[in-house]
Amino acid sequence: MSGIEQSKIRNFCIVAHIDHGKSTLADRIIEKTGLLTSREMQAQVLDNMDLERERGITIKAQTVRIIYQAKDGEEYVFNLIDTPGHVDFNYEVSRSLAACDGAILVVDAAQGIEAQTLANVYLALDHDLDVFPVINKIDLPSAQPQRVKDEIEDVIGLEAQDAPMISAKNGIGIEEVLEAVVKKIPAPSGSPDNPLQALIFDSLYDSYKGVIVFCRIKEGKVKKGTEILMMATKAKAEVVEVGYFGPGQFIPCEELSAGMVGYITASIKNVKDTAVGDTVTDAKNPCAEPLPGYKKVNSMVFCGMYPADGAKYPDLRDALEKLQLNDAALQYEPETSVALGFGFRCGFLGLLHLEIIQERLEREYNLDLVTTAPGVIYRVHKNNGDMIELTNPANLPDPSEIAYMEEPVVSAEIMVTTEFIGPIMELCQERRGRYLGMEYMEETRALLKYELPLNEIIYDFFDALKSRSRGYASFDYDLKGYEESKLVKLDILINREEVDALSFIVHADSAYDRGRKMCEKLKDEIPRHLFEIPIQAAVGGKIIARETVKAMRKDVLAKCYGGDITRKKKLLEKQKEGKKRMRQIGNVEIPQKAFMSVLKLDDK
Amino acid sequence: MTSKKYYLLRTGMEGQAAFLSWMVCAGASQISLYVRWKFEIWVAPSRKCSGMEIVMRKIEIYIHIPFCVRKCLYCDFLSFPSGEKERERYLDALLWEIETQAPKYRDYEADSVFIGGGTPTVLTGEQLGRIMRGIKAGFAFGKNPEITVEANPGTVDRGKLEESLKAGINRISIGAQSLNDRELELLGRVHLSEDFFRAYRLARKAGFQNINVDMMAALPGQKLEGYLDGLKRVTDLEPEHISAYSLIVEEGTPFYERYGREGKREKGTEELPGILPGILPGILPSEEEERLMYERTGELLAAQGYGRYEISNYARPGYECRHNIGYWKRHDYVGFGLGAASMVENVRWKNCTDMERYLHCMEARKGQREGTSEADAAEGIQEERIFLSVKEQMEEYMFLGLRLTEGVGKEAFYKTFGRKIEDVYGDVIRRLQGQGLLENGKQVRLTPYGRDVSNYVMAEFLIGI
């Protein structure tokens, strides 16, 4: 390995708006450089979780090393780091970018620049990466490459006239991209003789090797036997193996030195010791200071997760433990709900992250879950000067003890075609947004800037955005900080009993509206019982809304003769089957999905 | 008093005779003799038995006539308009089916026949007669069989009725549904109220001494008073039996398009496009109105001497429909014709519903009469064959038996399954009793409240869900 000249290494990533063809281009590059035959190629090699393929998104960063025989006759080593494409994983993206020296910007020839295009490009430029654009999907009938090139120059200020025109899907123009990587992305710098300084951009847990740390060596070198120190977490370990990334496999090598991208294993048991963004150094010869930019990842969105079958609680605990091995951003702690029994309060980077974990628990661990409405972390300042970070509405102190509360606020950028500016501004207004300004990208498109409370966008903001702009708006956000806000806890009473798992925190001004909608929603979700069931919403003990689930509809007095018996049995089975996915609360049976119904309160 | 049930699988006749005489000495109170298959003997040790009743196993016969003049707008039965030729072809196939299948049931005694549809009276009297001859040729009948034909008031005439009687049909079920012409038109019926009165009088005159009238409640735009008035006018005619049930909006019918979907129940002020131009259907009665209609039905009919013996069936004493009771008590029944269902010895099956296939199968078999086994003839059309496990038998026993006013007898349950009902359903029964839904005495039966939510109650008797 030491035979590779630093000048022949290219560390880069691909940035794009979601769906602009990032993963497809990555696949094409891998294919073109002969790493895999097309027979071995499964579409989108790098998205190897089932879920990633299904949803067409990249969840975890993936890295692959490619040898490219360039037209100048030289052999180059490419390290392609595929980054997650969703705003939930912004921090991971930023660390992946920090591991690169350059980036390919993929822009859809039909859609042009979108909100995440901008966000990702600025993120790449912030990390001093050399970015060159690539126009993808040029074979689409609606492609307007020239317009998109002009747009890139006007809006981002990147030279785009000679941008490779490609179709990643159909393998057009890939060669050009590879040549551009050689020419436009700088070789890494750094000296192998300096003390070791390596950036962790990802890690994963392997049951044989322990934690496998993905890193970019900025300075120095590392090999088997080196005693390493994780500078932020202070964890120490002796290196067992170093190597680089083949497609879908790890290939061990002698040593990793400055400029290289590879992995380290050192019998580390916990991914928490190898936090993304941390700096690895030589414990005996440490570097002067860690690489900049490390921050502890904090969960932004919380919800309760309960096994549908209470006896499965230990299974859920085991499953969360296993998922956490690979996902340092997942947090959980045990909690108990009167309504739902034993479960966990889990913390996530965002709603997508939540959904992914939920789906993986259900699919990979075969668990049937009841999930409560997601919430954010509120800061509750008490009269006695204490401050509580509240993740579970049930733990809100008595209102008389509360001096004031704060909620997280994000700054959001929404890219929208001009015809939809009205509806989108209206949406942001409804969600308590504060208008910061608007910039025209070109005549027909504008970038709206808003500050929005996080709890207004974690439910269904994205869906609402899409539906009100007929799918044309794109959206990106950054956590800005905390602001004081008039918040109240909305309680739901079913058959006059408070159901703790249905409580949520809401802005006082929208409490009435939310309460009413919640009651309406629950009325539809809760099946009729033998008796009438009142559903009430209350704030601080005061009922603000009420609906009633009427007593069971009387059965129509049907005939039932010889030919109807099998059908009748099926009908009865269906009726009884329906009760299986219910939660008994008092003497009311509530369907599991009702606990998530707060998510779908937007009736537009 | 405890009794024990013995089964003796078939041995030689000498063995049977010896066993029987031994059982009688031992005090058998009742012996059901299923010739060829098995004996079923009830022994009550404490009881002296002077004689012995030998009972042939009973079977109910259903004949399906899938033809009608025109499909009613609420109808989801297997029925359609037809031509004379098609009816003849069908009749031949049907008779062939009966002829080839009947030998399987030679150890049974037919207790009832029900010719249903569709509208069996679209057939001629001669055709109905032919069906009856076919059945009689294939089956042994008990002493006093109940033989019913369903009739649409628009399709009966004197000749047809007389021929039916002559052929042995002794009960007629007339589908009046309503005596309000506007409602009849709305339902898409082919008759008006005067046709019903005419048909009824004709049937009586022809000599039918057992007549049922079907009436429907909860029709669009129907009001309680109007409904009760119709019902009263039916009782004035003094039929022996009345079926009164609510309109069910079934999927796949024009009514479903109008009323079936969520939120559509209250609509009905618009025309049914293309179906009933110019008629505003009106809204369906509310749940409360429908329930009131049901309660008043019971009261009105009781006052006129009709007892409710099943959820939607009422009869003068002694005129309860034996054929239908057979379904609810899980007697064996065999159905012939397109889509007809059967249950024999705890096996359920259904004939296919595809007319072409039914005709084709029967005709093909007929062509090669020689060397064709009975089983072969059936295999082409019989579908959805289910062997009912004991668990499933118990479930059916409960949810069907609870339809009857008398409910399910605990002793009968024990005799049927050899297990106490308490051991199987004790918890369920006590819980439902606690909720006021069941009466729990010697008979387990629905309370009036339980009848209101009968599906909920019945579903509780499904095991293992």
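All chains are named by letter (A, B, ...) in the order of the sequence lines, taking the proteins before the strands, and each is independently numbered beginning at 1.
For chain A, no part of B/Tyr62 is nearby; none of its heavy atoms comes within less than 4.5 Å. For B/Ser243, the part lying under 4.5 angstrom from a heavy atom of chain A is the side chain only. In this structure, chain A has a heavy atom under 4.5 Å from the side chain of B/Leu400, while its backbone stays farther away. B/Glu384 does not touch chain A: none of its heavy atoms, backbone or side chain, sits under 4.5 Å away. B/Phe114 does not touch chain A: none of its heavy atoms, backbone or side chain, sits under 4.5 Å away.
Partner A/Glu520 forms a side-chain hydrogen bond (donor to acceptor under 3.5 Å, both in side chains) with one of A/Lys523, A/Arg516, A/Lys517 and no other, that one being A/Arg516.
Counting non-hydrogen atoms of other residues, nucleotides and ligands closer than 6.0 Å to CZ of B/Phe77 gives a total of 12 or fewer.
For the side chain to side chain donor-acceptor pair (under 3.5 Å) test, no residue two or more places apart in sequence or in another chain qualifies with A/His529.
Ring geometry for B/His241 versus B/Tyr309: interplanar angle over 60°, hence perpendicular rather than tilted (30 to 60°).
Interface summary for chain A: among B/Glu288, B/Met458, B/His323, the most heavy-atom pairs under 4.5 angstrom belong to B/Met458.
Pairs passing the salt bridge (charged side-chain N to carboxylate O under 4.0 Å, His left out) check and including a residue from residues 323-344 of chain B, sequence neighbours excluded, read B/Arg57-B/Asp332, B/Lys329-B/Glu406, B/Arg330-B/Glu396.
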